[in-house]
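So the structure is just underneath, and the comments pick up after that.
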Amino acid sequence: MPEELLEVDYRPPKKSWLEPTVEFRKGTYCYSAAAKRQEYLGLANPRKWQPYEEDWKLPENWKETILEGMKERLNNYRSFRLFLDICVRCGACADKCHFFIGSGDPKNMPVLRAELLRSVYRRNFTLAGKVFGKFVGARELTEDVVKEWFYYFYQCTECRRCSVFCPYGIDTCEITMMGRELLDLVGCNIDWVLDPAAKCYRTGNHLGVPPHAFKPAIETAVEDVEEITGIKVEAPINRKGAEVLFIPPSADYFAMPHWFTLLGYLMLFHEIGLDYTWSAYAAEGGNFGLFHSMELAKRLNAKIYAEAKRLGVKWILGGECGHMWRGIHQYMDTFNGPADFLEEPVSPITGTKFENAKSTKMVHICEFTADLLNNNKLKLEPSRNEQWKVTFHDSCNPARSIGLIEEPRYIIKNVCHYFYDMPENTIKERTFCCGSGAGLGADENMEMRLKGGFPRANAVKYVHEKYGVNLLACICAIDKAAFPPLLEYWVPGVEVAGVHELVGNALVMKGEKERTTDLRGEPLKAEEGKGDV
Ligand code: SF4
Ligand code: SF4
């Protein structure tokens, strides 16, 4: 019951935070990665184990391996050393993490989450820590500390909300990322990260969909569009020489409610006559490697650019995905770039040059569509979205990592009559995470997901009760999967949709038949001529 999860105890524990104490209670952690996935990806120490077991079967030299790995990363990543050195423990980030708000566990405060690793850094890499030990917050690396790292670094969705409030710009997400890398060196990973990563490595997408299943999925979407609009749209796959390569998150062509976003893309591309192609190989914009290590993220990111080269396209358009944009925007150039063989993206419809994509050559679908709207290139009938009172969830990565904040709102306001933002301190750069990102969307982790998702759900509840909001729009595949159970639990009566589903509903296509349903197959409740709110 929601009331039970709302009973959060914020009183500090009696034990010192330096003592590692973790209880692997069902519902609050993710299962370990299966040995076969570790083997497939060539990772260390593949074995059968689970976090709740006493013996984690760490390799004999586990301690040296982790400390050596830490040393290497301190030398390679200046941000890592800086973030470990400069925290003044002011506490400004302490109450900003959704997992702390939802669980009351002090080790879910960003500052303390980072201290779990920083304390080992102090003990082994600083003079003060070596001499004064626990008096300066330093501690030994023990097996219990490793277990504690695993618990709390897989209770961080790498959302970066805390970094917005830190006066020094410390990004605890980056510390979590390094923590996960160090755990990987001794074979401690979760299955919900390595399963999709291994599938992506094998087939090009997280769901493991092979080319002969990808094609029929897209063909089914084409049939759905025809049924709704009477128009048979084209959906070229692996077409060499197309101007644009389009890359969605794989959930868009296999999951609900993502599917309706896919229909929206197909309708839009047809209507503007875009010269583009899908790829059966680079059929995934997401990158679960990012939740594991820089190395794996780099390996998975490479396929997008290899495919763009093979197909000879000019530039890349990316779909409604969250962390794909963090990977592309923040790391692409040093991963696999610069992508000199591609051209600087220019919209073939409006002539707009996407200056921000000069280096990556990859444009976000919301930037692309907002530009079309801004240039009056689309005919719209917003009353086809009359049944929805919409709010927008800023997905963490598009909002905080690439600053994509106004474009989705601009699109929604053009294609819907009713739009209401959630309270200011819960949106835009300060948006609250869905609680299931960075690989934590596993079923076995549901209690922690519901707790972590509570601050976001609470803001949805506010606009639901005040304005009757019944639709949460978002632009991230993980969000679209995470929100339905979260909202059903905390705010029943609010559905979830992609922004391009709403675009597809409102788009008036040349030669279309009179529409009787929306993209979900629900009868239209059109009240044409309503003014914008
Ligand atoms: S806000 Fe920044 S400096 Fe202050 S405790 Fe948090 S991470 Fe440290
Ligand atoms: S990155 Fe997000 S989940 Fe991680 S500590 Fe910061 S606020 Fe919490």
Side-chain angles (χ1 to χ4, degrees), residues 8 17 28-30 79-119 121-122 136-137 148-181 183 190 192-193 290-292 322-323 326 330 393-401 425-442 445 448-459 476 478-479 482 486:
V8 182
W17 70 270
T28 65
Y29 66 93
C30 297
S79 56
F80 182 40
R81 186 183 284 274
L82 193 73
F83 293 160
L84 292 180
D85 277 336
I86 65 171
C87 173
V88 293
R89 301 199 229 177
C90 68
C93 63
D95 59 350
K96 305 304 186 297
C97 176
H98 49 289
F99 283 119
F100 171 67
I101 298 170
S103 71
D105 183 341
K107 288 185 180 172
N108 269 323
M109 291 177 182
V111 54
L112 206 41
R113 193 189 309 286
E115 285 290 321
L116 302 179
L117 197 147
R118 197 178 274 126
S119 53
Y121 162 72
R122 278 197 199 101
V136 291
E148 195 181 53
W149 282 6
F150 182 89
Y151 190 70
Y152 289 104
F153 291 139
Y154 283 103
Q155 250 176 43
C156 166
T157 41
E158 303 184 353
C159 76
R160 308 177 73 228
R161 185 170 197 267
C162 48
S163 71
V164 174
F165 298 88
C166 174
Y168 295 91
I170 293 172
D171 189 351
T172 303
C173 160
E174 295 268 346
I175 295 176
T176 292
M177 289 166 85
M178 289 297 124
R180 290 188 184 189
E181 284 205 9
L183 287 165
I190 66 168
W192 226 78
V193 168
L290 203 59
F291 308 145
H292 172 269
H323 63 272
R326 178 151 189 245
Q330 293 193 258
H393 162 69
D394 292 273
S395 306
C396 301
N397 286 303
R400 278 191 280 269
S401 294
N425 63 338
T426 73
I427 56 171
K428 302 179 180 174
E429 290 90 349
R430 286 176 281 170
T431 185
F432 271 115
C433 180
C434 64
S436 299
L440 307 191
N445 190 38
M448 198 41 76
R449 288 171 59 192
L450 292 174
K451 284 180 169 175
F454 171 69
R456 166 44 75 226
N458 199 33
C476 164
I478 289 179
D479 283 339
L486 184 79

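When a ligand or atom number is given, it counts from 1 through the structure's own listing order.
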Which protein non-hydrogen atom lies closest to [atom], naming both residue and atom, and how far is it?
{"atom": "atom 6 (Fe) of ligand 2", "result": "Cys162 SG, 2.3 Å"}
{"atom": "atom 8 (Fe) of ligand 2", "result": "Cys97 SG, 2.4 Å"}
{"atom": "atom 5 (S) of ligand 2", "result": "Arg113 NE, 3.2 Å"}
{"atom": "atom 4 (Fe) of ligand 2", "result": "Cys156 SG, 2.3 Å"}

Once rounded to the nearest 0.5 Å, what's the spacing between atom [atom1] of [X] and atom [atom2] of [Y]?
{"X": "Tyr168", "Y": "Ser163", "atom1": "OH", "atom2": "OG", "result": "16.0 Å"}
{"X": "Thr172", "Y": "Phe83", "atom1": "OG1", "atom2": "CZ", "result": "8.5 Å"}
{"X": "Ser436", "Y": "Met448", "atom1": "OG", "atom2": "CE", "result": "11.5 Å"}
{"X": "Ser119", "Y": "Glu148", "atom1": "OG", "atom2": "CD", "result": "8.0 Å"}
{"X": "Ile175", "Y": "Phe80", "atom1": "CD1", "atom2": "CZ", "result": "7.0 Å"}
{"X": "Tyr152", "Y": "Phe99", "atom1": "OH", "atom2": "CZ", "result": "12.5 Å"}

> Does the side chain of Asn445 come within less than 4.5 Å of Trp192's, by heavy atoms?
Replying inline: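 No; the side chains remain at least 4.5 Å from each other.
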
> Do Arg113 and Phe153 touch side chain to side chain, with heavy atoms closer than 4.5 Å?
Replying inline: yes

> Near Thr157, which atoms of ligand 2 are under 4.0 Å from a heavy atom of that residue?
Replying inline: 3 (S)

> Which protein atoms of type N, O or S are found under 2.8 Å from atom 4 (Fe) of ligand 1?
Replying inline: Cys90 SG

> Under a 4.0 Å N-O cut-off, is there an ion pair linking Arg160 with Asp171?
Replying inline: yes

> Which bit of Arg160 gets closer than 4.0 Å to ligand 2, counting heavy atoms only: side chain, backbone, both or neither?
Replying inline: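 The answer is the backbone of Arg160.
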
> Does Gln155 have a heavy atom less than 4.0 Å from any atom of ligand 2?
Replying inline: no

> Would one find an N, O or S atom of Cys159, in either backbone or side chain, under 2.8 Å from atom 2 (Fe) of ligand 2?
Replying inline: yes

> Of Arg81, Arg326, Arg180, which is the lone residue that meets salt bridge (charged side-chain N to carboxylate O under 4.0 Å, His left out) with Glu174?
Replying inline: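 Per the salt bridge (charged side-chain N to carboxylate O under 4.0 Å, His left out) rule, the option paired with Glu174 is Arg326, out of Arg81, Arg326, Arg180.
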
